[in-house]
Amino acid sequence: MSGVLLASGAAAALLASTLTASTVSAEETVPTEKIQLSVNTVNGSGCPAGTAAVAVSPDNTAFTVTYSDYLAQVGVGASPTDFRKNCQLNLDVIVPQGFTYAIAKVDYRGYGYLEDGAAGLQKASYYHQGSSETSTTSRTFNGPFDNNWQASASKEYAELVWAPCGVKRNFNINTELRVDGGDSDTKNTTSFMTMDSTDAAVSTVYHMAWKECGS
């Protein structure tokens, strides 16, 4: 999968309504020229070809990744490999000249149904190409659970990892969902975790911080 994917029309309206938590500080200068995201590669059992999409928020303060077939499950109807799903995205981020960005906060969203005794795990990491610093988060959910879920991770300004100025670097995102049947009755029930957008809600939001190069 390749090509520039930008928010427009209904996607832009959706982003404008869902990105309510701004990471922009009073001192921060956000570029007015539109950033672009190009998807270089998409790999993993959680994001088959054509099931992952990227969009930029109208105000350049965030971008989103949505999935439409990201489901990990155990029990009735599940194959032996369905307990774990993952997705690896490699993005080409084109920013206006003279600016650099960092990821200040990430909101991961999905839905889970876990029987009593089962457990689910959501893991994610991201990094700039060539950087030794990888940001990693994980969260565990225990059954019984039947609800939307959200896992957020944020950084203090001093901890932000900035993309290098004036150098083209790809941005890599790795995510994973796992479901463990544990003590649940997997012969007669199904437990699952999703990270998708079937209910029209944005799945994952990457909030961006900006600064001018040399500042």
Side-chain angles (χ1 to χ4, degrees), residues 1-3 5 37-55 62-93 103 105-115 118-143 145-155 161 169-182 184 186 189-207:
M1 179 185 298
S2 63
L5 302 176
L37 298 182
S38 299
V39 181
N40 295 320
T41 60
V42 181
N43 295 295
S45 55
C47 52
T51 65
V54 181
F63 67 88
T64 67
V65 180
T66 58
Y67 308 92
S68 58
D69 191 18
Y70 205 145
L71 169 68
Q73 60 181 338
V74 295
V76 178
S79 71
T81 59
D82 283 345
F83 77 97
R84 176 185 180 272
K85 294 295 177 72
N86 75 299
C87 182
Q88 299 177 336
L89 299 176
N90 180 276
L91 306 179
D92 181 13
V93 184
I103 302 301
K105 180 182 178 183
V106 187
D107 297 320
Y108 304 94
R109 296 185 178 93
Y111 182 82
Y113 180 85
L114 302 171
E115 292 284 345
L121 173 67
Q122 179 266 335
K123 293 180 63 177
S125 64
Y126 58 86
Y127 61 95
H128 300 288
Q129 178 188 17
S131 173
S132 60
E133 298 184 71
T134 300
S135 298
T136 303
T137 61
S138 65
R139 182 175 178 182
T140 300
F141 301 84
N142 296 311
F145 184 87
D146 181 10
N147 208 340
N148 295 312
W149 61 265
Q150 178 172 334
S152 297
S154 60
K155 288 180 173 292
V161 179
R169 289 287 186 267
N170 294 341
F171 187 70
N172 296 276
I173 298 171
N174 299 315
T175 57
E176 177 182 344
L177 289 178
R178 286 178 181 259
V179 178
D180 182 357
S184 65
T186 56
T189 63
T190 303
S191 294
F192 64 87
M193 292 280 292
T194 72
M195 187 155 55
D196 60 33
S197 56
T198 55
D199 62 351
V202 173
S203 295
T204 306
V205 182
Y206 293 83
H207 301 270

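Worth knowing before you read on, the calculation uses all heavy atoms, side chains too, and leaves out hydrogens, waters and symmetry mates.
Taking each heavy atom of Phe145 and Asn147 in turn, the nearest pair found is CE2-O, 3.3 Å. When every heavy atom of Tyr67 is checked against every heavy atom of Cys47, the shortest pair comes out as CD2-CB, 4.3 Å. Between Met195 and Thr204 the shortest heavy-atom distance is SD-OG1, 4.2 Å. In plain terms, the two heavy atoms of Ser45 and Lys85 that are nearest each other are OG-CD, 3.2 Å. Across all their heavy atoms, Gly120 and Leu114 have their closest contact at N-CD1, 3.6 Å. A pairwise comparison of heavy atoms in Val74 and Val179 identifies CG1-O, 3.3 Å as the closest pair.
Looking at heavy atoms from C-beta onward, Gln73 lies in side-chain contact with Asp82 at the 4.5 angstrom threshold. Side-chain contact between Phe171 and Leu37: absent, with no pair of heavy atoms (C-beta onward) separated by less than 4.5 Å. The closest side-chain heavy-atom distance from Val54 to Thr64 is not below 4.5 Å. Contact annotation: the side chain of Tyr206 approaches that of Tyr108 to within less than 4.5 Å [non-hydrogen atoms, C-beta and beyond].
Annotation: the span from Glu115 atom CD to Asp146 atom CG amounts to 9.0 Å, rounded to 0.5 Å. Taking CG of Asn90 as the reference point, atom OG1 of Thr41 lies at 4.0 Å (rounded to 0.5 Å). To the nearest 0.5 Å, atoms CG (Asn43) and CG (Asn174) are separated by 10.0 Å. If you take OG1 on Thr175 and CG on Asn86, they are separated by 7.0 Å, rounding to the nearest 0.5 Å. One distance of note links CG of Asn170 with CG of Leu91; it measures 8.0 Å at 0.5 Å rounding.
Evaluation of the salt bridge (Lys or Arg N to Asp or Glu O under 4.0 Å) rule for Asp180 yields no partner, not counting sequence neighbours.
Applying the side-chain hydrogen bond (donor to acceptor under 3.5 Å, both in side chains) test to pairs two or more places apart or on separate chains, none has a residue in residues 122-131.
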Cut-off 3.5 Å, no hydrogens considered: what does the side-chain donor-acceptor table look like for residues 135-142, sequence neighbours left out?
unit_1	atom_1	unit_2	atom_2	d
Ser135	OG	Lys155	NZ	3.4
Arg139	NH1	Gln150	O	2.3

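Of the options Trp149, Tyr70, Tyr113, a side-chain contact (heavy atoms from CB on, under 4.5 Å) to Met193 is made by Trp149 and by none of the others.
Inspection of the Asp92 and Asn40 side chains reveals no N or O donor paired with an N or O acceptor under 3.5 Å.
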